[in-house]
Engineer: 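Take this structure first; my questions come after.
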2 protein chains.
Amino acid sequence: MTSVTGERVNQVPDSTIARLPVYLRCLHEAQAMRIPVINSVGIAQMSGGNAALVRKDLNHLGELGTRGLGYDVDVLAGHIARVLGLTVQRRVVLVGLGRLGGALLNYGGFGDRGMTWVAVFDTDRDKIGTKAGAGLTVRSLDEAATLSGLAADIAVITTPAQSAQSVADTLVAAGVLSILNFAPVTLEVPGHVTLRQVDLSVELQILSFHLAKGL
Amino acid sequence: MTSVTGERVNQVPDSTIARLPVYLRCLHEAQAMRIPVINSVGIAQMSGGNAALVRKDLNHLGELGTRGLGYDVDVLAGHIARVLGLTVQRRVVLVGLGRLGGALLNYGGFGDRGMTWVAVFDTDRDKIGTKAGAGLTVRSLDEAATLSGLAADIAVITTPAQSAQSVADTLVAAGVLSILNFAPVTLEVPGHVTLRQVDLSVELQILSFHLAKGL
DNA sequence: CGCTGTGAAGAAGTTCACAGCG
DNA sequence: CGCTGTGAACTTCTTCACAGCG
């Protein structure tokens, strides 16, 4: 759907999208430091990237800079937030209230911008009915009907690997369009669902490789 | 020691390295299912990738397959583990025993293959001296001498954003060569140190973008 | 005949270098 | 004069397509 607003956001490459949240964080830091204007070199330093790439990335969102000056921090932050869809409040559900799930629930960085936890699910009878963080009561995922009624945008899976696929199936059936999976399995979801895998042990193994290489 | 075995591991591209841990996980699943041989199509399905790419990736490690058959699961798993340096036990320290830190400490997936927690640090006086998971006692990072004595390979940072850079500096000074940072800041480390950033809120923001894009 | 290994083609992403505007 | 915006060069990654071996 070629968006009525005529944005050319569709053309923003994935690699750029992955960097925008980082730029946004840098801009928030700049705001906290009362810096009103920043140039591509400054953003590159703060984000650990390259200035030319920063310009290319930002240019995908439009011509937001002023030649000879740089970018207005507030304007740019607002623009990135809008492109990332953070101006809309996203409704997020957590499935699997283990330690990691609990950590995410109480992780300030989320609720911060655009994300609201709307439900917590677990299969453990001892946990169901108890209060999780954020004032939410832990429920059973069996109530798929309940899930549909939540109109959740994003689901975060922090269950054991063995249950992750069936949880994902339930979520997809309930209309969830985006899944962030922390379980160490490759999930299969229909093409219209966006899936991101975060496997913590993969990260450690990559570091291990670099240690092995460096000797 | 420029590896007596004359490996050509140095030429393995980063993108391949990032996928090897995923292939390894698939092979472990195959082992659990008593599947002795697997072909590139099978690995591609299990890992959610493309068969040609799987072959290219694996071929970087040598000619490990048998034409007309596929790859011996055990042999391949062993080879990948060796390339990733998982045959050596890696000594990992955790800095910042918050909820996320606690979750990682007790996350089975780590201790599993090649990773051993050797110390836990925190600045909170109430936590120092108490037992964390894995039978470790929480210590103060002030004792940088202690840290050096640990001969840690990898450090995992789960402190608040504001303290992460100074923690990283301390770790680098103590000789740590690989850092996995969960704090939402861009860390600066010397070139010889490998750094990986995992920012959980970045992941959610990327999902948010895809929701926004899909209308 | 099936599946790996691989050159060649193609796509995607990054860096360069500078024109052009404020 | 400084910094953005951007074509063009370059590099890296992925896919294709098939030769070649078991």
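Only a predicted model underlies this, so the values are computations on that prediction, with no experimental measurement involved. Each chain gets a letter, A, B and so on, in the order the sequences are listed, and its residues count up from 1. FYI, side chains are in, hydrogens and waters are out, and symmetry mates aren't considered; it's all heavy atoms of this structure.
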Engineer: Out of curiosity, B:Leu200 CG to A:Leu180 CG, how far, rounded to the nearest 0.5 Å?
Structural biologist: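 If we round to the nearest 0.5 Å, B:Leu200:CG and A:Leu180:CG are 7.5 Å apart.
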Engineer: Nearest whole angstrom, please: distance from the C1' of D:dT12 to the CG of B:Asp57.
Structural biologist: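 It is 13 Å, rounded to the nearest whole Å.
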Engineer: Report which part of the nucleic acid B:Thr16 touches: base, sugar-phosphate, or nothing (heavy-atom distance under 4.0 Å, all strands).
Structural biologist: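 Result for B:Thr16 = nothing.
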Engineer: Please report the shortest heavy-atom distance between A:Ala183 and A:Gln197, naming the atom on each side.
Structural biologist: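 Scanning both residues completely, I find the closest heavy atoms to be O-OE1, 3.7 Å.
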Engineer: Please report the distance, rounded to the nearest Å, between CG in A:Asn59 and P in D:dC3.
Structural biologist: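 Computing the A:Asn59:CG to D:dC3:P distance gives 17 Å.
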Engineer: Can you check the B:Gln11 CD to D:dC13 C1' distance for me, whole Å?
Structural biologist: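 Those two atoms, CD and C1', are 16 Å apart.
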Engineer: Check the pair A:Leu86 / A:Met115 against side chain to side chain contact (heavy atoms under 4.5 Å, CB included), numbers first and verdict last.
Structural biologist: CA-CA 8 Å; A:Leu86 304 177; A:Met115 310 287 165; 4.0 Å; yes
Engineer: For B:Leu141, run the side chain to side chain contact (heavy atoms under 4.5 Å, CB included) check against B:Val93, B:Thr159, B:Val95 and tell me which one passes.
Structural biologist: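 Filter result, single survivor: B:Val95.
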Engineer: Taking only the side-chain nitrogens and oxygens of B:Tyr71, find out if one of them lies under 4.0 Å from OP1 or OP2 of C:dG5.
Structural biologist: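 For B:Tyr71, the contact criterion (side-chain N or O under 4.0 Å from OP1 or OP2 of C:dG5) is met.
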Engineer: Between atom CG in A:Leu53 and atom P in D:dT11, what is the gap in whole Å?
Structural biologist: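 It works out to 17 Å between those atoms.
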Engineer: Round to the nearest Å and state the distance from B:His60 atom NE2 to D:dC13 atom P.
Structural biologist: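 For the pair B:His60 NE2 and D:dC13 P, the rounded distance is 9 Å.
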Engineer: Write down the distance between CG (B:Leu64) and P (D:dG22), rounded to a whole number of angstrom.
Structural biologist: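 Result: 15 Å.
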Engineer: Find every protein N or O atom lying less than 3.5 Å from an N or O atom of nucleotides 16-20 of chain D, and list the pairs.
Structural biologist:
{"unit_1": "D:dA17", "atom_1": "N6", "unit_2": "B:Arg55", "atom_2": "NH2", "d": "3.4"}
{"unit_1": "D:dG20", "atom_1": "N3", "unit_2": "B:Arg67", "atom_2": "NH1", "d": "3.4"}

Engineer: Please state how far atom CG in A:Leu69 lies from atom C1' in D:dG5, giving the value in whole angstrom units.
Structural biologist: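 To the nearest whole Å, that distance equals 15 Å.
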Engineer: Look through every strand shown and name the nucleotide pairing with C:dC21 as Watson-Crick or G-U wobble, where both distances are under 3.5 Å.
Structural biologist: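 Partner of C:dC21: D:dG2.
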Engineer: For A:Leu58, report the nucleic acid contact type (base, sugar-phosphate, nothing); a contact means any heavy atom under 4.0 Å.
Structural biologist: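 A:Leu58: no heavy atom of the nucleic acid under 4.0 Å.
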Engineer: Find the distance between CG (B:Asn39) and CZ (B:Arg55) and round it off to the nearest 0.5 Å.
Structural biologist: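 Here the rounded value is 9.0 Å.
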Engineer: For a side chain to side chain contact (heavy atoms under 4.5 Å, CB included) check, start with the C-alpha distance between B:Leu211 and A:Ile154, then their side-chain angles and the critical distance, and finish with the verdict.
Structural biologist: CA-CA 9 Å; B:Leu211 284 171; A:Ile154 300 175; 3.6 Å; yes
Engineer: Are any non-hydrogen side-chain atoms of A:Leu20 and A:Ile17 less than 4.5 angstrom apart?
Structural biologist: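 Yes; the side chains approach each other to less than 4.5 Å.
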Engineer: Want to settle it: does A:Ser15 or A:Thr66 sit nearer the 5' end of DNA chain C, counting the closest nucleotide to each?
Structural biologist: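 Nearer the 5' end of the strand: A:Ser15.
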Engineer: Checking base pairs now: Watson-Crick or wobble, both atom distances under 3.5 Å. What partners D:dT15?
Structural biologist: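 Partner of D:dT15: C:dA8.
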Engineer: Between A:Leu20 (CG) and C:dG13 (C1'), how many Å, whole number?
Structural biologist: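 Checked: the CG to C1' distance equals 15 Å.
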